[in-house]
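The structure appears below as structure tokens.
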Amino acid sequence: MRAIRWVVALALVTVALPAAAQQGEGRGNQQMMQQRQNEMLFKDITLSEAQKAKVDSLQAANREATMAMMQGGGMQDPANRQKMQEMRQKLHADIRAVLTTEQQAQFDKNLAAMPQPGQGRRGPPNRE
């Protein structure tokens with residue numbers, strides 16, 4: 001009986017550890033992506049502490065809504081892709097509202113220079 005318990009425990013650990021590592025890795029990747037995006041969005045912009053706090057709050061709320069959408073059907077549904085794009089546009093508008101006029105001008109330049117979702121992930125179209 002003890003041997004069976006050990007086998008079951010070992011099996012659970014064998015399955016649970018890689019799954020936990022993937023979840024942690026996913027969060028780490030998400031944080032890295034958010035950091036890179038912020039570097040591009042806020043290039044040549046110095047935010048005050050109050051602005052940083054507000055931007056962090058806006059991004060956290062957007063991240064939660066995005067995660068809920070991903071769990072509720074993901075990006076397979078074109079309606080979800082459209083909603084995700086609308087959420088991203090709203091986030092950028094909300095962030096822009098936190099900025100000063102001078103910061104907004106730089107933010108607009110930075111946003112225009114950023115690759116749009118889906119760009120750069122695939123090679124050029126096959127023209128055969």
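Here the structure is a predicted model, which is why all the values come from computation and not from measurement.
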Which heavy atom of [X] sits nearest a heavy atom of [Y], and at what distance?
X      : Y      : answer
Ala97  : Gln104 : CA-NE2, 4.4 Å
Phe107 : Ile95  : CE1-CG2, 3.8 Å
Met69  : Met87  : CE-SD, 3.5 Å

Practice problem: Quick one: pull up CG in Asn110 and NZ in Lys43 and give me the separation to the nearest 0.5 Å. | Solution: 6.5 Å
Quiz prompt | Gap between atom CG of Leu47 and atom CZ of Phe42 - 0.5 Å precision | solution = 5.5 Å
Practice problem: Before giving the answer on side chain to side chain contact (heavy atoms under 4.5 Å, CB included), spell out for Arg96 and Asp108 the whole-Å C-alpha distance, their side-chain angles and the decisive distance to 0.1 Å. | Solution: CA-CA 8 Å; Arg96 192 176 187 280; Asp108 293 343; 2.8 Å; yes
Quiz prompt | Sidechain N-carboxylate O distance under 4.0 Å for Asp44, Lys109 | solution = no
Quiz item: Tell me, do Leu99 and Gln106 make a side-chain contact under 4.5 Å, heavy atoms counted?
Solution: no
Quiz prompt | Pair Arg36-Glu39, salt bridge (Lys or Arg N to Asp or Glu O under 4.0 Å): steps then yes or no | solution = CA-CA 5 Å; Arg36 278 191 300 242; Glu39 288 170 3; over 6 Å; no
Quiz item: With no hydrogens and no angle check, do the side chains of Gln103 and Thr100 hold a donor and an acceptor under 3.5 Å apart?
Solution: yes
Exercise. Using only heavy-atom distances, determine whether the side chains of Glu86 and Gln82 contain a donor-acceptor pair under 3.5 Å.
Key: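 The answer is yes; a qualifying pair exists.
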Contacts under 3.5 angstrom, residues 53-66 side chains, donor-acceptor by atom type, not counting sequence neighbours:
unit_1: Gln59; atom_1: OE1; unit_2: Asn38; atom_2: ND2; d: 3.3
unit_1: Gln59; atom_1: NE2; unit_2: Asn38; atom_2: OD1; d: 2.6
unit_1: Thr66; atom_1: OG1; unit_2: Asn62; atom_2: O; d: 2.8

Practice problem: Measure from the side-chain N and O atoms of Gln51 to the backbone N and O of Ser48, and report whether any donor-acceptor pair falls under 3.5 Å. | Solution: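 The answer is yes, because a donor-acceptor pair under 3.5 Å joins these two groups.
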Exercise. Might you work through the side chain to side chain contact (heavy atoms under 4.5 Å, CB included) test for Glu49 and Lys52, ending with a clear yes or no?
Key: CA-CA 5 Å; Glu49 291 303 316; Lys52 287 179 189 177; 3.4 Å; yes
Practice problem: Take Gln37 and Met33, measure what side chain to side chain contact (heavy atoms under 4.5 Å, CB included) needs, and give me the verdict at the end. | Solution: CA-CA 6 Å; Gln37 183 180 29; Met33 285 175 41; over 6 Å; no
